[in-house]
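A short write-up of the structure that comes next.
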2 protein chains.
Amino acid sequence: MASDPIKVLVVDDEPNIRDLLSTSLKFNGFSVYAVGNGNDAVVAAEKGHPDIILLDVMLPDMSGFAVTKKLRSMSIDVPVLFLTARDETADKVTGLTVGGDDYLTKPFSLDEVIARIQAILRRTQKADVEQSVLEVGEIIMNEDAHEVFVNGEMVDFSPTEYKLLRFLMSNANRVLTKAQILDHVWEYDFGGEMGIVESYVSYLRKKLDPLTKEPVIVTKRGVGYMYKTPKKEK
Amino acid sequence: MASDPIKVLVVDDEPNIRDLLSTSLKFNGFSVYAVGNGNDAVVAAEKGHPDIILLDVMLPDMSGFAVTKKLRSMSIDVPVLFLTARDETADKVTGLTVGGDDYLTKPFSLDEVIARIQAILRRTQKADVEQSVLEVGEIIMNEDAHEVFVNGEMVDFSPTEYKLLRFLMSNANRVLTKAQILDHVWEYDFGGEMGIVESYVSYLRKKLDPLTKEPVIVTKRGVGYMYKTPKKEK
DNA sequence: GTGTTTGCTGAGAACCACCTTAGAGACCAC
DNA sequence: GTGGTCTCTAAGGTGGTTCTCAGCAAACAC
């Protein structure tokens with residue numbers, strides 16, 4: 001977070017998604033510009049020099065692929081994170097993630113978006129982003145390899161468990177409410193109850209606690225959960 | 001409290017709640033403007049440039065979500081603290097804590113409102129507010145972690161105990177009547193007796209006094225209670 | 001001193017938050 | 001398909017939390 005903020009261009013025709021992404025990304029320190037169709041996207045990419053583009057595949061005027069093709073032909077090599085509906089993924093997206101590109105299926109979770117953006121920027125070295133290794137307390141999380149080591153021992157996690165742990169770790173020593181956790185770790189259209197957070201915290205504890213000196217995830221009754229490190233800092 | 005006062009826009013269709021919040025917030029040094037429906041809220045947010053909005057989810061003309069959506073689409077990124085009825089929480093909460101936003105269920109306590117507002121402003125760094133660490137006398141309260149240290153030793157408190165202690169500490173060396181305490185720490189529709197304040201003061205003392213040199217909560221008979229620090233500051 | 005008021009505290013009942021687990025169903029790999 | 005993993009729900013159990021009450025102690029007034 002030292003130098004200039006990372007510039008993100010968001011391209012999606014659904015205002016809801018656009019606002020959701022804008023709000024979330026801005027809050028995470030990115031500079032965001034959002035447009036709703038392909039033509040505007042090309043213009044914005046040309047003039048705004050974004051560091052990365054979040055690009056919906058289905059746009060009203062032209063496909064997201066056409067947008068990138070146009071950009072490449074203009075020698076604009078900004079990396080792209082495609083957003084696709086679940087059924088578009090298999091056949092269409094394959095082979096598109098050339099270069100540093102990647103794709104994400106809708107509905108996604110906000111924490112996942114941030115993580116993917118940082119992964120792409122790390123790979124393309126276009127900007128200084130957070131380390132790919134997140135080390136907090138007794139746990140080391142390697143974002144590139146998707147591996148977690150607890151006091152030197154590797155532990156397997158399901159995708160959701162991994163995302164939850166990452167969110168807790170990146171907010172170490174701060175209480176997070178179940179609503180916050182739900183909003184960031186689960187997909188944005190999740191319609192279920194907050195009890196699922198309790199379940200997944202339970203799963204994490206079952207795997208983590210046998211390997212740590214003290215419980216790392218503490219319950220703040222009536223408030224939420226907190227990933228706690230032994231050392232106390234301000 | 002150095003520079004300009006923090007501007008709060010209150011949006012609620014119930015005049016009682018509006019007055020309650022306005023009075024309380026003004027008394028706490030905020031500059032308050034209150035409206036009763038969504039359209040007025042959008043106009044007020046546009047013209048008044050508030051630092052934060054307290055927004056009821058159920059409004060007569062449009063939902064609180066629609067209001068924020070409209071604001072976001074106008075690139076007005078002011079953080080929002082949603083006010084929801086208890087039964088709305090479960091299904092509707094998803095997406096509320098995106099960005100710097102947060103939510104509070106009705107009925108709430110006034111002290112909680114202040115604390116949440118300060119927490120949001122702290123996170124979004126939109127204004128200079130109090131530190132997240134409240135240190136008064138021998139007690140250190142970390143608001144982010146919801147942890148309290150008494151002379152270096154961590155002490156657990158229930159949510160109500162915590163709120164009471166926070167209220168006493170933030171009014172250190174000032175006598176608070178039981179009625180004041182009840183009004184600020186308990187939910188605004190609490191129907192019980194003031195004896196409960198005595199009970200909770202007793203709970204606090206039982207936990208605090210063994211760790212402090214002298215009692216920190218003193219009784220002013222016939223008046224109320226006071227959190228007392230050894231050194232006296234203005 | 002006596003009586004009255006006010007505050008303190010422990011006990012207990014009702015409630016609620018949380019933990020854990022089992023299981024149904026979706027999804028994926030082979 | 002078939003088996004396995006993963007997600008999510010539901011339900012029982014547990015202990016924490018809230019609040020009331022009643023008896024006792026302390027302060028006060030006379």
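Proteins come first, then strands; the chains are lettered A, B, ... in the order of their sequence lines, and each starts at number 1.
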Ring geometry between Phe108(A) and Tyr188(A) (parallel below 30°, tilted from 30 to 60°, perpendicular above 60°): perpendicular
By nearest heavy atom, map Glu198(A) and Tyr203(A) onto DNA chain D; which one lands nearer the 5' end? Tyr203(A)
Among the nucleotides dT9(C), dT21(C), dC6(D), whichever has the atom closest to the side chain of Ser199(B) is dT9(C)
Does OP1 or OP2 of dT20(C) have a side-chain N or O of Ser202(A) closer than 4.0 Å? yes
At under 4.0 Å, does any side-chain N or O of Trp186(B) touch on OP1 or OP2 of dT18(D)? no
dC19(C) P sits how many Å from Ile217(A) CD1, rounded? 10 Å
Rounded to the nearest Å, what distance is computed from the OH atom of residue Tyr162(B) to the C1' atom of nucleotide dT17(D)? 17 Å
Asp209(B) CG - dC8(C) P separation (whole Å): 11 Å
Pair Asn142(B)-Ser132(B), side-chain donor/acceptor within less than 3.5 Å: no
Once you measure the plane-to-plane angle for Tyr200(B) and Tyr203(B), does it fall in the parallel (<30°), tilted (30-60°) or perpendicular (>60°) bin? perpendicular
How many Å lie between NZ on Lys178(A) and C1' on dC18(C), as a whole number? 6 Å
Counting distance only, does the side-chain N/O of Arg18(A) pair as donor-acceptor with the main-chain N or O of Val11(A) below 3.5 Å? no
Out of dC18(C), dT9(C), dG7(C), which has the shortest distance to the side chain of Thr219(A)? dC18(C)
Send over the distance from Ile196(B) CD1 to dC8(C) C1', rounded to a whole Å. 15 Å
Among dT21(C), dT18(D), dC8(C), the one nearest any side-chain atom of Pro159(B) is dT18(D)
If you check the Thr160(B) side chain, which of dC8(D), dT18(D), dT20(C) turns out closest? dT18(D)
Whole Å only: how far is the CD1 atom of Ile181(B) from the P atom of dT18(D)? 16 Å
Closest listed nucleotide, where the reference is the side chain of Tyr225(B) and the choices are dC8(D), dT20(C), dC8(C): dC8(C)
Taking atom types as they are modelled, is there a donor-acceptor pair under 3.5 Å from the base of dT5(C) to the side chain of Arg221(B)? yes
How long is the line joining CD of Glu161(A) and P of dT20(C), in whole Å? 14 Å
Counting the atoms with a prime plus P, OP1 and OP2 as sugar-phosphate, which does Gly222(B) contact under 4.0 Å by heavy atoms, base, sugar-phosphate, or nothing? sugar-phosphate
Establish, from distance only, whether the side-chain atoms of Thr97(B) and Asp183(A) form a donor-acceptor pair under 3.5 Å. yes
What contact category does Lys220(B) fall into here, base, sugar-phosphate, or nothing, at under 4.0 angstrom with non-hydrogen atoms? nothing
Rounded to the Å, how far apart are Phe190(B) CZ and dT18(D) C1'? 9 Å
